[in-house]
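Each chain gets a letter, A, B and so on, in the order the sequences are listed, and its residues count up from 1.
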Amino acid sequence: MTFAEYNNATLQAPDPGQIARRLERWFARHQRPLPWRNGYDPYHVWVSEVMLQQTRMEVVLPYFERFVARFPTLQALAGATEQEVLAAWSGLGYYRRAKMLRAGAIEVVARFGGTVPSTVDELLTIPGIGRYTAGAIASVAWNRHAPIVDGNVARIVSRLFAIEHSLGTPALMNAAWQRATELVDACKTPRAFNQGLMEVGALVCKPRNPSCLLCPVANDCVARATGRAGELPRPKVKAETRELSIALYLITDRKGRVLMRRESGPLMNAMYHLPHGDTSLLTGSPLAAARGELLGTFRHTVTTRRIEFSVYAGAVKQHPRGEYAWIDPEALHDVPHPSYVRKALRWLP
DNA sequence: CAACCGTGGTT
DNA sequence: TAACCAAGGTT
């Protein structure tokens, strides 16, 4: 027997069935109690998956509870106005998600009789549902053998199988989807397996300092066997952030209402913004206003833009028309608005 | 396919 | 504190 043959005979080939069983068993014992795991109502699973896109679970929880209380059924969501849905989403970010979720609910009512589809192919035809979310709804809500790859899964499989590609590259994602497919095909309960994979990613196989001693598949992990669990996956190259300054105007009427404007551009469409002196980020048309005293400044980061906001008192020279509206600060929760608005209103008289 | 979309918590 | 990040989708 040659050395290579000896190695091939003794090195354990990764066994997808064994990995899947260990993750399913671990999930049964260690899963966190989350509201959308309560009965796995497909509508609730859908809402949770969209909210969780690029958003931490702890941030999502209160939004999810409020959202399903406000829109208890898929039919209720489909019957709501875009304003109402965006208002419930305010502060959560990526506001296109909310608009597509509502559009998707309307489509499911029209095309699927109000029942969330259970196949990946059907789910992919719904706005806001891509490859990941389709697999998540099919497997978590309907217990179908559909693979999923999110940030957690990409990280875990890159360690389990010692994949060298950098995070965020198509090469890593392709390899991860292939591995995720093999694994979910070998599992018994896709709902438990897929969530187990992500839950291990969130609680154990963390980006930094993975807790390999707590990991149910540590013995299957090639990165751990070679002492590189903390080194993989290789980091991604990040986009540069740009600096930007924007002047905001706090303009109130006699009743204490604040002047805001409904944006209609591609960015944060249909959200209400404060009047501002910048047209590169926001799309407001010039407002005939006088700039008063500087009330304060604050910083706010929007994706790749780092913005220094300066808040000025202001006064309108003529009655604003069109998309402008006077908003009662007490009723802000009914008005769709990005988070910087709330920060700026701190300087209200 | 690379760039873009929001936010707040963590390090 | 600045960088990094979190259950992606769309264009």
Practice problem: Test for a donor-acceptor pair under 3.5 Å between the base of C/dG8 and the side chain of A/Y132, counting only N and O atoms. | Solution: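 Checked by distance alone, the answer is no.
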Quiz item: So, does the side chain of A/S339 form a donor-acceptor pair with the base of B/dG8 at under 3.5 Å?
Solution: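 For A/S339, whose side chain was compared with the base of B/dG8, there is no donor-acceptor pair (under 3.5 Å).
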Just checking [X]: base, sugar-phosphate only, or nothing, at a heavy-atom cut-off of under 4.0 Å?
X: A/M51; result: nothing
X: A/L92; result: base
X: A/R342; result: sugar-phosphate

Quiz item: With Watson-Crick and G-U wobble geometry limited to distances under 3.5 Å, how should the secondary structure of DNA chain C be encoded in dot-bracket form, using | for bases paired to another strand and [ ] for crossing pairs?
Solution: .|||||.||||
Self-check item: Salt-bridge present (A/R21, A/E24; N to O < 4.0 Å)
Solution: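 Judged by the 4.0 Å cut-off on N to carboxylate O distance, A/R21 and A/E24 do not form a salt bridge.
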Quiz item: Does a salt bridge link A/R70 with A/E84, judged by any charged N lying under 4.0 Å from a carboxylate O?
Solution: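 Yes, this pair counts.
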Exercise. Identify, residue by residue, the members of residues 61-72 of chain A with a heavy atom below 4.0 Å from DNA chain C, and return them in order of residue number, or none.
Key: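 Heavy-atom cutoff 4.0 Å gives no residues at all.
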Quiz item: Is there a donor-acceptor pair under 3.5 Å between the side chain of A/R261 and the backbone N or O of A/P275?
Solution: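 Side chain of A/R261 to backbone of A/P275: no pair is present.
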Quiz item: Where each residue is assigned the nucleotide of DNA chain C containing its nearest heavy atom, which of A/P127 and A/R37 is assigned the position nearer the 5′ end?
Solution: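 This one resolves to A/R37.
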Self-check item: Parallel, tilted or perpendicular, as decided by the 30° and 60° cut-offs, for the rings of A/F64 and A/H44
Solution: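 Ring orientation of A/H44 relative to A/F64: perpendicular.
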Once you round it to whole Å, what is the distance between [atom2] of [N] and [atom1] of [X]?
X: A/E58; N: C/dA6; atom1: CD; atom2: P; value: 11 Å
X: A/M173; N: C/dG8; atom1: CE; atom2: C1'; value: 9 Å
X: A/R131; N: C/dA7; atom1: CZ; atom2: P; value: 17 Å

